[in-house]
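Input: a single structure, listed below in structure tokens.
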Protein chains: 2
Amino acid sequence: MARVEASAPGLRADAARNRCAIIEAAGELYGQHGLDTPFDDIARHAGVGNATLYRHFPTRCALLAAVFADTLERVVEAAERALAIRDPWDGFAAHLTFLCNLQATNRGLADLLITAVTGAPEIEQLRKRAYRAFVRLSERAKASGSLRADFTPEDLVLLLMANAGLVHRTGDIAPVASERFITLALDGLRKAAATTGTSPPGAAVMRRAMRKRGQDLGYT
Amino acid sequence: MARVEASAPGLRADAARNRCAIIEAAGELYGQHGLDTPFDDIARHAGVGNATLYRHFPTRCALLAAVFADTLERVVEAAERALAIRDPWDGFAAHLTFLCNLQATNRGLADLLITAVTGAPEIEQLRKRAYRAFVRLSERAKASGSLRADFTPEDLVLLLMANAGLVHRTGDIAPVASERFITLALDGLRKAAATTGTSPPGAAVMRRAMRKRGQDLGYT
DNA sequence: GCAGAACCGGGGACAGCACCCCGCTTCGGG
DNA sequence: CCCGAAGCGGGGTGCTGTCCCCGGTTCTGC
């Protein structure tokens, strides 16, 4: 809260209060219903008029950034904490599990992790940092011989996309469905399990898919 | 085509022609854009007025049934063909691959395979038959010791839901993304790869998710 | 406690989609 | 060939979601 108010300097007291209420309401609704929650719903849930919402956050991206900035920061921290785990595989598995669990309990985040939000550079920045930390995790695990050799960072995006879809379609049982998904995925990612199969899509092509998703959701 | 016309007896020649055009257009648009394609788009693409569409197919379910009935029939046949494959694992893997590829090339089918369409009993019937054939495939593979012991039919639904989400989010590169997904999934499904992890959600709970998805898409 | 600026929010214009109505066209049996 | 009926399709209504406008309200420095 203090963070939020600090990020809105020179604002009248009531305006700051409203801003805060909006961010809280948006966080809640995004978590429950996903990033395509209607703006008017958020305004109503925050107890303000929709005009107030549009004044504080002229674009969907602006609201998104305000809502998810510190959550993403915590994701980065979690990745760094996973790097501190002694066993490379355990660190890798722990973080992948963490990410999927996050998706299962927050639909908005589920989409955000695999969507390029070009209109919110700070979010992009944070996602990139989280991504880089994950790359380190996966390289460490690969070097130790526990992660399959053909794993690439695009596989993470792919798995998160799949898990996001699963979360979306399973509704309230998303946590248990997602948990099972992680079990199967991790079992398929161990080096011992790897067969010579298809390799993942290229990075450029995957980035394009993430950008397209952003456009589809209205986050230019 | 002959099949389609045969399924519309006692219809004036022009009406039969329109009906056919609608089914073809719907199949194409459903395949490209998913089951939530606007009705008016389908009518325009078929070159008829929307009233004509509504007259021939009073509900979304009716159109769905007309469009996907024989495709689903082919899915059942494919499952039975997979049962004829000597090696139990190969049969299982071949059919799972077949299903995921189908999803990757047809967005509508991607959703249909994991959605309960209560308003179209014949579709439900066919899905159930395809499902039962898959259960036989998986039991045979499990008995042979190649498929992980904790596999349940709900895992199929779970994987198809995940793959549907992946297909949805990867757009035109869905085929290659889906192919990689299958590689990882199959590697995680082999008995040798299995660790003691979380078990899949129950059947009842999974059915409920499929029904809910049908309601969300407007297919009561 | 007051003046003026900052802020609020109900309601309206506009767009997309579902679904229907009714005057006109076209088919096809006799 | 011709007429009755089956069939057609262009609007039309209702609903939902986005985004803006403007009359009224509330805060804050003095």
Side-chain angles (χ1 to χ4, degrees), chain A residues 4-5 7-26 29-30 32-64 66-67 108 111 117 119 214-220, chain B residues 4-5 7-26 29-30 32-64 66-67 108 117 119-120 214-220:
Chain A
V4 171
E5 287 177 16
S7 76
L11 219 56
R12 234 169 63 174
D14 56 343
R17 216 178 313 126
N18 279 336
R19 188 189 155 88
C20 195
I22 289 170
I23 291 176
E24 198 167 339
L29 292 187
Y30 278 164
Q32 287 170 21
H33 306 297
L35 298 185
D36 52 357
T37 305
F39 253 39
D40 284 18
D41 282 7
I42 294 171
R44 200 170 325 114
H45 197 252
V48 303
N50 58 5
T52 302
L53 199 168
Y54 280 104
R55 193 171 320 108
H56 280 292
F57 305 100
T59 70
R60 302 177 87 73
C61 294
L63 179 57
L64 201 70
V67 168
D111 267 339
V117 186
Q215 285 169 6
D216 288 353
L217 286 172
Y219 292 94
T220 30
Chain B
V4 170
E5 286 175 18
S7 74
L11 219 55
R12 236 170 62 175
D14 54 345
R17 216 178 313 125
N18 280 337
R19 189 190 154 88
C20 195
I22 289 169
I23 292 176
E24 197 167 339
L29 293 187
Y30 278 165
Q32 287 170 18
H33 306 297
L35 298 185
D36 53 356
T37 305
F39 252 40
D40 285 18
D41 282 8
I42 294 171
R44 201 169 327 117
H45 197 250
V48 304
N50 58 6
T52 303
L53 200 168
Y54 279 103
R55 193 171 321 106
H56 281 290
F57 305 100
T59 70
R60 305 177 84 74
C61 294
L63 179 56
L64 201 70
V67 169
V117 187
Q215 286 170 3
D216 288 353
L217 286 172
Y219 291 94
T220 32

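Letters A, B, ... mirror the listed sequences (proteins, then strands); counts begin at 1.
- With contacts defined as side-chain heavy-atom distances shorter than 4.5 Å, the pair A:D111/A:D36 does not qualify.
- For A:R12 and D:dT26, a side-chain-to-base donor-acceptor distance below 3.5 Å is present, hydrogens and geometry of angles not being considered.
- Atom pair A:R17:CZ and D:dT26:C1' shows a separation of 10 Å (rounding to whole Å applied).
- Under the 3.5 Å distance criterion, the side-chain polar atoms of A:Y219 are matched with a main-chain donor or acceptor of A:L35.
- One atom, CD1 of A:I42, and another, C1' of D:dC19, lie 14 Å apart when rounded to the nearest Å.
- Residue A:L29 holds its CG atom at 6.0 Å from CD of A:Q32, rounded to the nearest 0.5 Å.
- For the strand DNA chain D, secondary-structure stems (runs of at least three Watson-Crick or G-U pairs, all distances below 3.5 Å) span C:1-30 with D:1-30.
- Straight-line distance from the CZ atom of B:R19 to the C1' atom of D:dA6: 16 Å, rounded to whole Å.
- For the pair B:C61 and B:A120, the tightest heavy-atom approach, listed with the atom from each and the gap, is O-CB, 4.0 Å.
- A salt bridge between B:D14 and B:R17 is absent, with no side-chain N of the basic residue lying under 4.0 Å from a carboxylate O of the acidic one.
- Looking at which nucleotide of DNA chain C each of B:P38 and B:A13 is closest to, the 5′-most match is held by B:P38.
- Near-neighbour residues of DNA chain D inside residues 43-55 of chain A, defined by a heavy atom below 4.0 Å, number-ordered: A:N50, A:A51, A:Y54.
- Regarding A:L11, its CG atom lies at a distance of 12 Å from the P atom of C:dA6, rounded to whole Å.
- Between C:dC8 and A:H56, a contact under 4.0 Å exists linking OP1 or OP2 to a side-chain N or O.
- Put simply, CZ on A:F39 is 8 Å from P on D:dT18, counting in whole angstrom units.
- Across the protein-nucleic acid pair, A:D14 atom CG and C:dC7 atom C1' stand 6 Å apart, rounded to whole Å.
- In this structure, B:I23 CD1 and B:F57 CZ are separated by 4.0 Å, a value rounded to the nearest 0.5 Å.
- Taking every heavy atom of both residues into account, A:L11 and A:A15 meet most closely at CG-CB, 3.8 Å.
- The shortest distance between side-chain heavy atoms of B:N18 and B:L53 does not fall below 4.5 Å.
- In the set D:dG17, D:dC19, C:dC8, the nucleotide with an atom closest to the side chain of A:D40 is D:dC19.
- In this structure the side chain of A:R60 never reaches within 4.5 angstrom of the side chain of A:L63, judged on heavy atoms.
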